[in-house]
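Atoms within a ligand are numbered from 1 in the order they appear, just like the ligands themselves. The residues of the chain are indexed from 1 along the displayed sequence.
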Amino acid sequence: MDKFVIRGGNPLLGTVRVSGAKNAALPAMAAALLTEEPVTLENVPQVRDIETTRRLLAAMGADVELGYGRAQHRTTICCRSLASPEASYELVKTMRASTLVLGPLVARCGTARVSLPGGCAIGARPIDLHIKGLERLGAKINQEHGYVEASAKRLRGAEIIFDKVTVTGTEDVMMAATLAEGTTVMENCACEPEVADLADLLTKMGARIEGAGTSTIRVHGVSKLHGAKHRIIPDRIEAGTFIIAGAITGGDLNVAGCEPTHLSVLLQKLGEVGLKVAHHGDSVRVLSEGNLKASDIATEEYPGFPTDMQAQYMALATQAAGTSVITENIFENRFMHAQELVRMGANIKIEGRRAVVRGKSPLSAAAVLASDLRASASLVIAALVAEGETIIDRVYHIDRGYEHIEEKLRSVGAQIRRIGEMLPKKIAAPLVKA
Ligand code: UD1
């Protein structure tokens, strides 16, 4: 298992470029299931979740071509025939977003069999809202042996009010509705930019969608969709992660290739914390002169403060003078990074959904464990200012969603390197004589 070794103390200086959004690329790849024709996606990040989706689609009979060389961020997916409209537990358990194939499969093939995702590190994460939405569209749903089976001759448009805002739930049902007969009106939808990006792609494929990016989405069903070419939006969470990394190190970092309007709430918050943040075109420059001030955050659905930035913000809060209260409203168990930050010297108390961070605490290097994707990012950020050499284990979590993060950070001055297993298990284990 790979580890990161990070020596703290260097300010990040220069320009770093963000990749395409993983959370936009995943539903876009699933959308290719809706047509027999090829769908070409540009700006697809090279991260593990994309590779998992490639394997998932290929197992169903899709042709998935990944670009090489200069075209390495392009992928063309052709789902002419789908021999096996099924997503196995083996793949779904490693990536919950695999459930995004449920809606497109039942809409296109009339049948789908997708494993239930089960629990994950940051909470229960059920898919009941996906299921309810598809049932409203007329799908018959059966749950057996850990799988959801959905079937429908043809889905029918309906009115759907989500009990709770769900990003992939909105995307899943929106994709299904594109091929339904009649109009679907979805209320209480997620307004995330990734939902709007998916609707852009679907529109290029011939879908008729209004209101994506707002809480009410209308989809007028069509009988067939066609191929299209689409460029994935920049990753706002990767951009935010670099911005906080630049800020915590007291650096002067230009984060290029991002969409600053998707980062509004974060940039405003960083201004309150005492950072100088300026944006121009597709770049955000963050300049820190130290003296960070504590400020509270509460995670909310977009356009509120993203839960996917909470862990990184917590690392920053350890370096701000005063008390920051961090309230996690989206997931019930998303503070696993806090204990690891405490091991590095942070003063953090967890009270249910609230974390109380008292700063500023000097951080010192330790051996720490990454527990999930964004938790890993917060440990990398903390390590960049810790005294000494931090070793972060289980960085496969970070590889799920960050493209070559160590190379990007190194290019702006961080001392970070990746190492493999120090000792092969066979040698590390005690020898047992026969
Ligand atoms: C997506 C993002 C993830 C982000 C999250 C919240 C992708 C691939 N992932 O995840 O990075 O952290 O949005 O912004 O886009 N819920 C239910 N029933 C459901 C679905 C969700 O109760 O059927 C609950 C969840 O447990 C959670 C809340 O709704 O408490 C929001 O989850 P949701 O928006 O669905 O998260 P994801 O789409 O899985």
Side-chain angles (χ1 to χ4, degrees), residues 20-31 44-45 47-50 52-53 56 92 94-103 114 116-136 141 143 148 150 160-176 186 188-199 215 232-233 235-238 240-241 262 265-266 298-313 327-337 353 372-378 397-398 400-402:
K22 165 187 86 78
N23 285 354
L26 296 177
M29 290 176 81
V44 176
V47 297
R48 209 155 56 92
D49 277 5
I50 296 295
T52 304
T53 309
L56 185 75
V92 177
T94 65
M95 189 187 67
R96 208 183 154 276
S98 310
T99 48
L100 278 166
V101 301
L102 185 62
V114 174
L116 284 164
C120 86
I122 64 172
R125 304 188 88 177
I127 60 161
D128 57 312
L129 303 174
H130 299 231
I131 292 174
K132 265 195 197 169
L134 295 173
E135 277 179 334
R136 293 281 303 158
I141 307 275
Q143 288 190 45
V148 182
I160 297 164
I161 305 170
F162 288 103
D163 296 338
K164 197 171 177 183
V165 176
T166 159
V167 178
T168 49
T170 301
E171 293 166 345
D172 205 5
V173 177
M174 178 170 76
M175 286 190 277
M186 297 158 61
N188 200 25
C189 294
C191 303
E192 267 67 2
E194 293 76 18
V195 175
D197 193 47
L198 173 64
S215 62
I232 300 294
I233 55 171
D235 196 316
R236 63 195 165 98
I237 306 300
E238 189 199 15
T241 302
H262 295 165
V265 71
L266 176 70
T299 62
E300 308 281 353
E301 294 89 4
Y302 190 85
F305 194 95
T307 173
D308 284 351
M309 285 303 303
Q310 177 259 105
Q312 301 88 318
Y313 184 83
T327 308
E328 173 55 60
N329 289 315
I330 308 295
F331 293 112
E332 75 269 25
N333 187 22
R334 205 173 196 181
F335 284 142
M336 302 218 306
H337 42 283
R353 283 181 174 268
D372 69 61
L373 173 56
R374 307 305 170 184
S376 335
S378 83
H397 286 295
I398 211 161
R400 285 189 48 201
Y402 288 89

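- The backbone and the side chain of P126 each have at least one atom closer than 4.0 Å to an atom of ligand 1 (non-hydrogen atoms only).
- With a 4.0 Å cut-off on non-hydrogen atoms, I131 does not touch ligand 1 at all.
- By heavy-atom distance, the residue among D308, T299, V195 lying nearest atom 4 (C) of ligand 1 is D308.
- The main-chain N or O of F162 is found under 3.5 Å from a side-chain atom of N188 such that the two form a donor-acceptor pair.
- The shell of residues lying under 4.0 angstrom from ligand 1, judged by heavy atoms, excludes Q310.
- For the residues V165, N329, T170, I237, the heavy atom positioned nearest atom 31 (C) of ligand 1 is part of V165.
- The I127 neighbourhood of ligand 1 comprises atoms 19 (C), 23 (O), with distances under 4.0 Å to a heavy atom of that residue.
- The shortest distance between side-chain heavy atoms of C191 and E301 does not fall below 4.5 Å.
- Those atoms of ligand 1 with a heavy atom of R334 less than 4.0 angstrom away are 12 (O).
- At least one side-chain heavy atom of Q310 sits less than 4.5 Å from a side-chain heavy atom of R334.
- Contacts between E300 and ligand 1 below 4.0 angstrom, taking non-hydrogen atoms only, are absent altogether.
- In this structure, R96 counts as a contact residue of ligand 1, since one of its heavy atoms falls inside 4.0 Å of the ligand.
- Side-chain N/O atoms of Q312 and T241 include a donor and acceptor closer than 3.5 Å.
- Side-chain atoms of R374 and Y402 form a donor-acceptor pair, as typed in the model, at a separation below 3.5 Å.
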